[in-house]
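What follows is a single structure, written as structure tokens, with notes after it.
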Amino acid sequence: MFLSIAPPLMDFEDELLWINQCNNENLNILYDKSNYVTPNTKHLIEQAFLQPLSLSDQQILFDDLLKQNRNIAHQYGLTPAKLPSLVENNPLISIEILLRLMLTTDITEYFNILVHMDITLHSMEVVNRLTTSGPLPTEFIHLYISNCISTCEGLVKDKYMQSRLVRLVCVFLQSLIRNKIVNVKELFIEIEAFCVGFSKIKEAAALYRLIKHLEIDTPQTSNTLTK
């Protein structure tokens with residue numbers, strides 16, 4: 001048997017003291033449930049990453065989102081890496097969460113993921129909704145548009161999917177332009193080349209007419225952009 005020196009006593013000056021409610025009948029403890037996520041809600045969130053939810057389940061999450069006022073990503077377990085799966089399976093849910101994240105500094109990480117994820121109908125739907133809900137960083141919008149165009153140009157082996165995506169992108173770009181989300185002059189050359197490259201598709205032809213019409217209305221545009 002060996003003897004050892006007794007360890008020093010721990011300093012409890014800054015430690016949280018346990019309150020025994022039974023010792024004081026006049027003591028009322030208030031619990032903050034503003035950010036509490038029920039087990040049922042947590043289950044729905046986990047399912048939302050994997051598959052589309054029914055309208056009733058979506059409404060449950062919408063109602064819960066109204067109660068959440070901070071640290072929403074942590075409460076829902078939404079890491080930036082999980083964003084693409086949520087966007088594809090439940091775009092409306094992802095929109096509501098991203099709108100709340102836009103009030104925090106964490107949104108930058110999610111924008112970086114969103115701008116580089118696969119271009120699909122749902123991802124464009126999410127971005128379009130975000131642009132109409134408030135100002136987004138110009139760099140983010142420009143990068144997303146460039147990604148849309150490069151994705152269309154890269155689908156050379158699947159003409160059907162290429163034509164379908166071009167139509168979606170053209171409608172998406174027209175929406176951004178008509179709502180004055182983007183300044184056409186800043187992206188004129190890139191969009192014009194895109195339209196010319198897919199001129200046989202009627203949506204691309206319509207987009208081309210739109211940007212040329214705007215070019216005529218803004219004569220200060222550089223002469224290098226005119227034909």
Side-chain angles (χ1 to χ4, degrees), residues 80-92 94-95 98-99 101-102 107-227:
K82 290 182 179 180
L83 180 61
S85 61
L86 182 63
V87 168
E88 286 308 306
N89 287 303
N90 294 280
L92 296 180
S94 64
I95 289 169
L98 288 171
L99 287 175
L101 287 175
M102 285 174 63
I107 190 60
T108 302
E109 296 181 66
Y110 295 89
F111 275 164
N112 288 336
I113 294 295
L114 191 58
V115 78
H116 291 110
M117 68 177 288
D118 293 341
I119 302 300
T120 63
L121 173 61
H122 285 172
S123 69
M124 284 187 282
E125 178 185 357
V126 170
V127 173
N128 189 52
R129 175 68 179 276
L130 293 179
T131 60
T132 58
S133 300
L136 297 182
T138 302
E139 182 182 5
F140 164 75
I141 298 177
H142 287 187
L143 283 173
Y144 188 79
I145 292 174
S146 296
N147 190 20
C148 287
I149 292 175
S150 61
T151 300
C152 290
E153 294 171 343
L155 290 174
V156 293
K157 294 183 179 180
D158 192 335
K159 294 300 182 180
Y160 172 78
M161 287 300 300
Q162 185 182 56
S163 298
R164 183 175 182 273
L165 187 58
V166 168
R167 292 187 178 94
L168 293 175
V169 170
C170 288
V171 173
F172 170 68
L173 290 177
Q174 287 189 60
S175 176
L176 294 183
I177 294 171
R178 294 186 187 281
N179 290 320
K180 299 182 179 179
I181 303 299
V182 297
N183 186 341
V184 177
K185 292 187 295 182
E186 297 175 353
L187 297 167
F188 187 92
I189 295 178
E190 189 173 9
I191 295 178
E192 182 186 42
F194 170 70
C195 293
V196 171
F198 297 101
S199 58
K200 294 182 179 180
I201 299 176
K202 65 177 183 178
E203 288 81 1
L207 176 60
Y208 181 80
R209 288 193 297 269
L210 174 62
I211 63 174
K212 296 302 286 185
H213 175 73
L214 294 176
E215 181 190 25
I216 294 174
D217 289 345
T218 53
Q220 66 272 21
T221 304
S222 173
N223 290 332
T224 58
L225 303 182
T226 60
K227 292 184 178 181

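Source: prediction; values computed, not measured.
Listed by chain and residue number, Ser146 satisfy the side chain to side chain donor-acceptor pair (under 3.5 Å) test with Glu190 (two or more places apart in sequence, or in another chain). Residues satisfying the ring-ring contact (aromatic ring centres under 6.0 Å, His included) criterion with Phe198, sequence neighbours excluded, are Phe194. For Ser150, the side chain to side chain donor-acceptor pair (under 3.5 Å) criterion is met by no residue, not counting sequence neighbours. Considering only residues two or more places apart in sequence or on other chains, Glu186 meets the side chain to side chain donor-acceptor pair (under 3.5 Å) condition with His142. Residues that satisfy the side chain to side chain contact (heavy atoms under 4.5 Å, CB included) test with Ala193, not counting sequence neighbours, are absent from this structure. For Asn128, the side chain to side chain donor-acceptor pair (under 3.5 Å) partners two or more places apart in sequence, or in a different chain, are Ser175.
For residues 139-150, the set of pairs meeting the salt bridge (charged side-chain N to carboxylate O under 4.0 Å, His left out) definition, not counting sequence neighbours, is empty. Among pairs with a residue in residues 115-131, those fulfilling salt bridge (charged side-chain N to carboxylate O under 4.0 Å, His left out) read Glu96-Arg129, at least two apart in sequence or across chains. Screening residues 158-178 for salt bridge (charged side-chain N to carboxylate O under 4.0 Å, His left out), with sequence neighbours left out, gives Arg167-Glu203. For residues 107-131, the ring-ring contact (aromatic ring centres under 6.0 Å, His included) pairs, not counting sequence neighbours, are Phe111-Phe140. Applying the ring-ring contact (aromatic ring centres under 6.0 Å, His included) rule to pairs touching residues 156-182 yields Tyr144-Phe172, sequence neighbours excluded.
Contact record, Met117 with Asn147: O-ND2, 3.4 Å, taken as the closest heavy-atom pair. The minimum heavy-atom distance between Ser163 and Ile201, with the atom names listed, is CA-CD1, 3.9 Å. Heavy atoms only, all atoms of each residue included: Val127 and Leu136 are closest at O-CD1, 4.5 Å. In terms of heavy-atom proximity, Ile181 sits nearest to Thr131 at CD1-O, 3.5 Å. Here the shortest heavy-atom pairing between Leu130 and Ile95 reads CD2-O, 4.4 Å. Nearest approach of Ala205 to Ser199, heavy atoms of both residues: CB-O, 4.1 Å.
Leu207 is listed as a side-chain neighbour of Ile191, based on a closest heavy-atom distance under 4.5 Å. Looking at heavy atoms from C-beta onward, Leu173 lies out of side-chain contact with Val182 at the 4.5 angstrom threshold. Using a 4.5 Å cut-off on side-chain heavy atoms (C-beta onward), Val169 and Val166 make no contact.
With rounding to the nearest 0.5 angstrom, the CD1 atom of Ile107 is 9.5 Å from the CD atom of Glu109. The line from CG of Leu187 to NZ of Lys185 is 12.0 Å long, rounded to the nearest 0.5 Å. Between the OG atom of Ser123 and the CG atom of Leu83 there is a distance of 10.0 Å, given to the nearest 0.5 Å. Residue Leu114 holds its CG atom at 11.5 Å from CG of Leu143, rounded to the nearest 0.5 Å. Considering CG of Leu176 and CE of Met124, their distance stands at 10.5 Å, rounded to 0.5 Å. Separation of atoms CG (Leu86) and CG (Leu92) is listed at 10.0 Å; rounding is to 0.5 Å.
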- Task: Give the intermediate values and the outcome of side chain to side chain contact (heavy atoms under 4.5 Å, CB included) for residues Thr138 and Ile141.
- Result: CA-CA 5 Å; Thr138 302; Ile141 298 177; 5.8 Å; no
